[in-house]
Amino acid sequence: MATDAHGSEADPANAYAELEERFERINGVQGAAGVLGWDQQVMMPEGGTPARSQQLSVLSSLSHELLTDERTAELLDEVESMDLDDEQEALLREARREFERADAVPTELVEEISETSTEALGAWESARAEDDFEQFAPYLEKLVELKREYAEHIDPDRDPYEVLFEDYEPCLPLSQAEEILETLKHTLVPMIDEIRESDADVTTDAFDGEFPADAQEDLSRDVLSTLGYDWDRGRLDISSHPFTSGNVYDCRVTTRYDESDPLGGLMATVHEFGHAFYNLGLPEEDFGTPLGESRDLSVHESQSRLWENHVGRSPAFWELVTPKFEERFDTDASAREAYESANQVYEDNLIRVEADELTYHLHIVIRFEIERALISGDLDVEDVPEVWNDKYEEYLGIRPETDANGCLQDIHWSHGNFGYFPTYSLGSVMASQLFNAAEDDIGNIYGMVREGDFEALQTWLRENVHEHGSRYETNDLVREATGEDFTADYFVDYVRSKYGDLYDLEASV
């Protein structure tokens, strides 16, 4: 029998419980950092950055030290020698993966990344507000260097971008992600070209006018309640970039409002509801342990994109919501006109979070290609604005006139989150497959949406996705939920059917 740190015989039966307890402590530290991060983006006064940087750096290093402590390694080895059931095997798998990645990275580097990203967030917000990329460039350059170093510590023999991608999607190989992105490009580029040549009479102006922010907020709260958001465990606030933060007991969403575009704020709210609903449905009995965590970002994005696109951009949803618009705004658009406007394919949209359902993925591809080039050293930070603008012109036929509407629009690089963007498209693809399986099991989901009844869909998602936490790896979770391997086929069929009907496209597209 193994001995513990004091030389006494260790009881393998207790090792598993101690391992769970250790990860609960780590989760507590990380959760506290998450609340401080939420506060920084929502409530913190502008002058608070220096203190917040120090606070988050301390919490980041404390979490790292707990995770990489010698006792963590001992517990993992002890538990590995036990006769484990499937659930315990899953916890061990997740705990060991987290430990091994963290153990490879020096605490000093973790602290530096945390401190730099906290400072970079303030610099990004200022640079975006003043349309001045040069303010943000030194922080971006530093984060690229730090993240290359981070990846090299984890595995010096692999593509550093592949290593970074695993921080957000550890269970899908990058090659699988690239294959899916290629399928989307192959499908969407010609479809978008045909849509732009279409003579179909699609309503595009149902949301023209002025829409006061306070009335938009009231609408967002109404829609969140209708969808089933648990206000006892959540809240809605405003941030410069919509996001969700929290856990099964406390999960908060943010959005933003443009008084000339009520659709942007509403769809961002529905999107963030999907993230929050997932977090709030994770297994409470596993809270704080690796099993109680969500199954990484591709699955998380599948939940937000399912609610935003398959529900929020459906004809049934607009039959439900159009009267809510009429109550608050001076509008007279029909539900059909609202649906068409909500699903129009834009010719001139520069902003990813305001993009239509099809061009959205070209926004993702552009970011993916740029950050890969940054991490590989094939692109200098100072050249990002020009390359960004060139790619927008090549892929979308438009060119940003400002960096605020170009390479400064997204928050992710200020956090050092290189490798994050592909998960958005992976999530959209997964959402189509999950929604198709839900329809097969439930029946007429859209009939229920039309009546404001979301219980059956919520229950299906709870039972087939949320309640599993991280017990299954991504491909296994999709297979468990749908009975099939993860595939882009359902997404391709979905967009061809939906946009073929909207724009009178040829069936062969």
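Taking the charged nitrogens against the carboxylate oxygens, E178 and R372 do have a contact shorter than 4.0 Å, which makes a salt bridge. Between E371 and K147 there is no salt bridge, since no side-chain nitrogen of the basic residue lies less than 4.0 Å from a carboxylate oxygen of the acidic one. The pair R252-D250 meets the salt-bridge criterion, since a charged nitrogen lies less than 4.0 angstrom from a carboxylate oxygen. Electrostatic pairing of E119 and K142 does not count as a salt bridge here, judged by no charged N lying under 4.0 Å from a carboxylate O. In this structure, R128 does not pair ionically with E125, as no charged nitrogen and carboxylate oxygen lie closer than 4.0 Å. At a threshold of 4.0 Å, the pair D218-R221 does not count as salt-bridged, since none of the basic side-chain nitrogens sits closer than that to a carboxylate oxygen.
No donor-acceptor pair under 3.5 Å is formed between the side chain of R328 and the backbone N or O of F211.
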Check: residues 272-280 side-chain donor-acceptor pairs under 3.5 Å, at least two apart:
from, atom 1, to, atom 2, distance (Å)
E272, OE1, T244, N, 3.3
E272, OE1, T244, OG1, 2.6
H275, ND1, H300, O, 3.4
H275, ND1, H300, ND1, 3.0
H275, NE2, H271, NE2, 3.4
H275, NE2, E301, OE2, 3.2
H275, NE2, S304, OG, 3.2
Y278, OH, R295, N, 2.8
N279, OD1, H300, NE2, 2.8

Might you work through the salt bridge (Lys or Arg N to Asp or Glu O under 4.0 Å) test for E369 and K185, ending with a clear yes or no? CA-CA 13 Å; E369 292 178 352; K185 282 176 64 175; 3.7 Å; yes
Q) Can you check side chain to side chain donor-acceptor pair (under 3.5 Å) on E357 and Y499, steps first, answer last? A) CA-CA 10 Å; E357 195 175 3; Y499 289 91; 2.9 Å; yes
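Between the side chains of T203 and E340, at least one donor-acceptor pair of N or O atoms lies under 3.5 Å. If you check the side chains of E169 and T474, you find a donor sitting under 3.5 Å from an acceptor.
At a threshold of 4.5 Å between non-hydrogen side-chain atoms, the residues H363 and Y392 count as touching. Between L457 and V311 there is a side-chain heavy-atom pair separated by less than 4.5 Å. Inter-residue side-chain proximity for T482 and L434 is flagged as met; some heavy-atom pair is nearer than 4.5 Å.
A cation-pi arrangement is found for R305 relative to Y360, the charged atom lying closer than 6.0 Å to the ring centre and inside a 45° cone about the ring normal.
Ring planes of Y420 and Y424: tilted class, angle from 30 to 60°.
The neighbour count for E327 CD, taken as heavy atoms of other residues, nucleotides or ligands under 6.0 Å away, is above 12. Atom CG of D440 has more than 12 neighbouring heavy atoms from other residues, nucleotides or ligands inside a 6.0 Å radius.
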